[in-house]
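Working notes, beginning with the structure itself.
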There are 2 protein chains.
Amino acid sequence: MINKKKTLLNEIKEILKSKGIKPSYQRIMVYNYIKNHINHPSVDTIFKAISGSIPTLSKTTIYNILNLFAKKGIVDTLTIDKNEVRYDFIKKAHAHFMCKICGEIYDIHLKSDVCLKDFVEGHKVEDTHVDFKGVCKECL
Amino acid sequence: MINKKKTLLNEIKEILKSKGIKPSYQRIMVYNYIKNHINHPSVDTIFKAISGSIPTLSKTTIYNILNLFAKKGIVDTLTIDKNEVRYDFIKKAHAHFMCKICGEIYDIHLKSDVCLKDFVEGHKVEDTHVDFKGVCKECL
DNA sequence: TTATAATTTGTAATCATTTCAACTCTATAA
DNA sequence: TTATAGAGTTGAAATGATTACAAATTATAA
């Protein structure tokens with residue numbers, strides 16, 4: 001069990017190094033959290049979740065790390081919620097659905113030509129976001 | 001000229017009434033502005049633009065009016081820019097492109113099945129946003 | 001006209017995010 | 001081993017968009 005965890009952390013260490021990121025303990029913990037929590041956490045959510053394991057943790061550190069990860073292409077920055085930025089571990093292109101009632105954000109696996117465009121009307125596309133809002137199936 | 005302007009304002013007055021909105025002078029001016037400025041203005045932009053004609057205007061009033069217009073389906077609330085909300089006069093469904101360099105937001109006229117969905121994976125869709133980010137043709 | 005409700009206004013509060021300077025940690029060189 | 005430099009972290013303070021709220025103004029109805 002202990003060995004398993006050690007292996008996991010070493011794996012993350014290697015991934016971060018391969019992306020040109022020095023693998024500090026805080027960065028490894030944030031990476032591990034967002035990799036395993038696909039519910040589009042906010043900075044505050046991540047902070048509360050891992051500050052138990054790192055008593056001295058500062059929220060500024062979470063901001064720093066996520067801004068770094070976004071720049072390095074590890075996380076996607078979702079602006080679907082106007083109150084706070086949400087982060088999404090980048091796997092492959094997918095859309096999002098946000099419930100107006102409960103605020104939950106769901107992944108939507110949709111195949112569409114929209115996500116494949118390199119240029120639209122002369123502008124060079126780097127990121128594509130497809131956001132749906134409405135009432136989720138739980139709240140219906 | 002004066003008559004023409006008067007006619008325009010009366011037209012807007014009728015539109016607002018038909019949507020169940022009492023047509024105050026401030027509301028008419030905001031409506032007139034967003035109808036004619038398709039560059040996705042922020043609250044601050046709208047405020048600066050029309051405060052010349054209404055010396056006593058408060059920025060809170062712009063917030064109130066835009067929140068009301070959004071609720072009544074007159075404007076679309078764009079969260080593509082994480083720094084501030086942008087507003088878009090609702091005509092017909094279209095996508096947006098935001099330039100990472102200059103911050104400009106362009107309308108993208110794209111025909112896609114994505115915009116026509118009433119339900120996705122069991123969730124009831126009320127709004128659909130397709131947002132592209134990258135480098136615009138001016139900055140390329 | 002007077003009373004009542006709706007709207008606007010300005011100030012203050014809220015809250016996510018950024019700035020910044022001090023502190024800590026780690027790695028490397030002497 | 002110790003000193004030093006650089007990177008990373010921390011917490012307090014600043015920023016800035018948005019909202020809350022209560023007072024002032026305007027419109028509406030009796």
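Here is the naming used below: chain letters follow the sequence lines, and residue numbers restart at 1 for every chain.
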*asked:* Within the 3.5 Å criterion, strictly below it, is a donor on H40(B) or D81(B) matched to an acceptor on the partner's side chain?
replied: no

*asked:* Less than 4.0 angstrom from a charged side-chain N to a carboxylate O is my criterion; do R86(B) and E84(B) meet it?
replied: yes

*With a cut-off of 6.0 Å (strictly less than), are more than 12 heavy atoms of other residues, nucleotides or ligands near NZ of K100(B)?*
yes

*Where does the angle between the aromatic ring planes of H37(B) and Y33(B) fall among parallel (under 30°), tilted (30 to 60°) and perpendicular (over 60°)?*
parallel

_Please confirm whether the shortest side-chain N or O distance from N67(B) to OP1 or OP2 of dT18(D) is below 4.0 Å._
no

*Calculate the interatomic distance between L78(A) atom CG and dA16(C) atom C1'; express it in whole Å.*
16 Å

*Rounded to the Å, how far apart are K82(A) NZ and dC15(C) C1'?*
14 Å

Using the 3.5 Å cut-off, write out each protein N or O paired with an N or O of nucleotides 5-8 of chain C and the distance between them.
from   : atom 1 : to     : atom 2 : distance (Å)
dT7(C) : OP1    : R27(B) : NH1    : 3.0
dT8(C) : OP1    : S24(B) : OG     : 2.4
dT8(C) : O3'    : Q26(B) : NE2    : 3.0

*Can you tell me the distance, in whole Å, between the CG atom of L16(A) and the C1' atom of dA7(D)?*
15 Å

*Check whether any side-chain N or O of H129(A) sits under 3.5 Å from a backbone N or O of D131(B) as a donor-acceptor pair, and report yes or no.*
no

_Is the distance from the ring center of F69(B) to that of Y87(B) below 6.0 Å?_
no

Heteroatom pairs (N/O) under 3.5 angstrom, protein to nucleotides 12-17 of chain D:
from    : atom 1 : to     : atom 2 : distance (Å)
dA12(D) : N6     : T60(A) : OG1    : 3.4

*Could you pull out all residues at least two apart from E104(B) that satisfy salt bridge (Lys or Arg N to Asp or Glu O under 4.0 Å)?*
none

*Got a donor-acceptor contact below 3.5 angstrom from the S51(B) side chain to the F47(B) backbone?*
yes

*Could you tell me the separation between the CD1 atom of I50(B) and the C1' atom of dT9(C), rounded to a whole number of Å?*
14 Å

*Length of the CZ-C1' vector between R86(B) and dT18(D), whole Å*: 16 Å

*Starting at atom CD1 of I62(A), determine the distance to atom C1' of dT18(C), rounded to an integer number of angstrom.*
15 Å

